[in-house]
Student: 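Dumping the structure here so I can ask a few things about it.
Order of the sequence lines fixes the chain letters, A, B, ..., with proteins taken first and strands second; residue numbering starts at 1 for each chain. Fair warning: this is a prediction, and the values are worked out from it, not measured in the lab. The figures that follow rest on heavy atoms only: side chains count, while hydrogens, waters and symmetry mates do not.
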2 protein chains.
Amino acid sequence: MTREAYYGIILLKLKIIFNKKEPFVPFGPRWLEARFRGCGFRWTFPRQVILDVLTKEKKHLSAEDIFLKVHKRYPGIGLTTVYRTLELLFNMGLVRKYEFGDGRARFELSQGPGIEHHHHLICRKCGKIIDYKDFVEDEQKLIKDLEERLSKKHNFKIETHQIHFYGLCSNCS
Amino acid sequence: MTREAYYGIILLKLKIIFNKKEPFVPFGPRWLEARFRGCGFRWTFPRQVILDVLTKEKKHLSAEDIFLKVHKRYPGIGLTTVYRTLELLFNMGLVRKYEFGDGRARFELSQGPGIEHHHHLICRKCGKIIDYKDFVEDEQKLIKDLEERLSKKHNFKIETHQIHFYGLCSNCS
DNA sequence: ATATTGTTGGAAATGATTTTCAATAATATT
DNA sequence: AATATTATTGAAAATCATTTCCAACAATAT
């Protein structure tokens, strides 16, 4: 099967599922498996390991970071599979993808027990990334307001947002 | 001169100048030239043309976009020079660099007459980018507040921020 | 137990960006 | 104004993250 057909089917599957219902599954012990099967995808070992890494290491990992961690446990796994799985998870709405400016994308699980909405501080000198989840209430209020107004004005359906702060971390300033 | 030494010198120059004074020059007719010379850089023709393009086309251009426009007027110019100039301008604080997730960086002049602080809406389907500069006052207040608190808490010196909204544009939803 | 077909790994390809290096052009010096 | 100095440039090659191709494989359906 060509790549185009393969991903065409994936997107189609997701579209159908998402139109039928919110693919929400309670965060029980096997909710990820349920989510995969619910969307018609296979619950394979590589996917399990990648998701386990994402679940345990919550913070902005690059594809290579994930590959290295996964590789330790399951040396047979390929970098390609990591990229493919991340793309699938992104399309499923399970991971967020960030580009902070150093040329490599970062990924984070966006749903699950203990996952909180947050944004990032990025040091322009050493590249260190710090999460912050403070003052979310204030932000949420502004953003919600903003989203409503922007949606109307530009006829744009906003789904997510990212806020990046750039500057110098304690070591570099 | 090796690349490392060359850029070492550039960064050193910038550091010295920026420590001595705010490299601000009133936005007169030749303020860009003054800014360049003031930092010890040469005011070359390629740089002039690139800056002219950035000044006229204000919106989130990729390096290739800029190259193509510049190339029309001065076919001798190389893509390498465009990348190099953009890096220099970024280090001088004259351009902002964005990565919206499609694998290519976007650049915008960040200072000059008529340049306004703004953020972006990005369509996840067609990649269209819309600027918005509405409601900046509300945002500024929150952001300023946030910056102060984050600076203290994480001992992080915030210099800039970016807000990206992702969703579906009017054509794609 | 077997057939079906979605998924995988590795190698090769891609595309944006960076590096190298000799030639050139902007500025400083005479 | 002529020459010396050195920052800057362009083209080709290199690099690096990510994607594609394709034959082998493994998860699920029959």
Student: Roughly how many Å is it from CG in A:Leu79 to P in D:dC16, rounded to a whole number?
Tutor: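 In whole Å, D:dC16 P lies 14 Å from A:Leu79 CG.
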
Student: Give a yes/no on whether any side-chain N or O of A:Arg104 is located under 4.0 angstrom from OP1 or OP2 of D:dT18.
Tutor: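 Checking A:Arg104 against D:dT18: no side-chain N or O falls below 4.0 Å of OP1 or OP2.
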
Student: Of the nucleotides C:dT7, D:dT19, D:dT9, which one has an atom closest to the side chain of A:Thr80?
Tutor: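 From the listed options, D:dT19 comes nearest.
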
Student: Between B:Ala63 and B:Pro46, name the one whose nearest nucleotide on DNA chain C is closer to the 5' end.
Tutor: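 Its nearest nucleotide lies further toward 5', so the answer is B:Ala63.
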
Student: Less than 4.0 angstrom between a side-chain N/O of B:Arg47 and OP1 or OP2 of D:dA7, yes or no?
Tutor: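 No, no such contact exists.
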
Student: Which part of the nucleic acid does A:Phe67 contact within heavy-atom distance under 4.0 Å: base, sugar-phosphate only, or nothing?
Tutor: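 Counting heavy atoms under 4.0 Å across all strands, no contact is made by A:Phe67.
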
Student: Identify, between B:Arg37 and B:Ser62, the residue whose nearest nucleotide on DNA chain C lies closer to the 5' end.
Tutor: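 Per heavy-atom nearest nucleotide, the more 5' residue is B:Ser62.
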
Student: Just the rounded figure in Å: distance from C1' of D:dT15 to CD of A:Glu64.
Tutor: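 Atom-to-atom, A:Glu64 to D:dT15, this comes out as 13 Å.
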
Student: Applying a 4.0 Å non-hydrogen cut-off, can you work out what A:Phe36 is touching in the nucleic acid: base, sugar-phosphate, or nothing?
Tutor: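 Touches nothing.
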
Student: In terms of the angle between their ring planes, are B:Tyr74 and B:Phe45 parallel, tilted or perpendicular, with boundaries placed at 30° and 60°?
Tutor: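 Rings of B:Tyr74 and B:Phe45: perpendicular, over 60°.
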
Student: Would you tell me if any nitrogen or oxygen in the side chain of B:Tyr83 comes within less than 4.0 Å of OP1 or OP2 on C:dT18?
Tutor: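 False: B:Tyr83 side-chain N/O out of range (4.0 Å or more) of C:dT18 OP1/OP2.
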
Student: Atom CG of B:Asp102 to atom P of D:dT19: distance rounded to whole Å?
Tutor: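 Nearest whole value for this atom pair: 11 Å.
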
Student: Any side-chain N or O of B:Thr44 below 4.0 angstrom from OP1/OP2 of D:dT9?
Tutor: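 Answer is yes, contact under 4.0 Å.
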
Student: For the side chain of A:Arg84 and the base of C:dG6, is some donor closer than 3.5 Å to an acceptor across the two?
Tutor: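 No such pair is found, so the answer is no.
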
Student: Using 30° and 60° as the class boundaries, would you call the ring planes of B:Tyr98 and B:Phe100 parallel, tilted or perpendicular?
Tutor: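 Ring orientation of B:Tyr98 relative to B:Phe100: parallel.
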
Student: Grab the CD-C1' distance between B:Gln48 and D:dT9 for me, whole Å please.
Tutor: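 About 14 Å, once rounded to whole Å.
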
Student: Closer than 3.5 angstrom, by distance alone: can the side chain of A:His118 be matched with the main-chain N or O of A:Asp131 as a donor-acceptor pair?
Tutor: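 Checked: no pair found.
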
Student: Could you check how far NZ of B:Lys97 sits from C1' of C:dA16, rounded to whole Å?
Tutor: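 Nearest whole value for this atom pair: 11 Å.
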
Student: In this structure, how many angstroms lie between the C1' atom of D:dT18 and the CD atom of B:Glu99, rounded?
Tutor: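 About 13 Å, once rounded to whole Å.
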
Student: Specify the separation, in whole Å, of atom CZ of A:Arg42 and atom P of C:dT5.
Tutor: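 About 10 Å, once rounded to whole Å.
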
Student: To the nearest Å, give me how far apart NE2 (B:His71) and C1' (D:dG10) are.
Tutor: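 Distance, rounded to whole Å: 12 Å.
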
Student: With nearest nucleotide decided by heavy atoms, which residue, A:Phe45 or A:Ala105, maps closer to the 5′ end of DNA chain D?
Tutor: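 Result: A:Ala105.
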
Student: Could you tell me whether the side chains of B:His120 and B:Glu108 share a donor-acceptor contact shorter than 3.5 Å?
Tutor: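 There is such a pair (donor and acceptor under 3.5 Å, judged by atom type) between the side chains of B:His120 and B:Glu108.
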
Student: Has B:Ser62 got a side-chain atom pairing as donor or acceptor with B:Arg106's backbone, closer than 3.5 angstrom?
Tutor: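 Checked: no pair found.
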
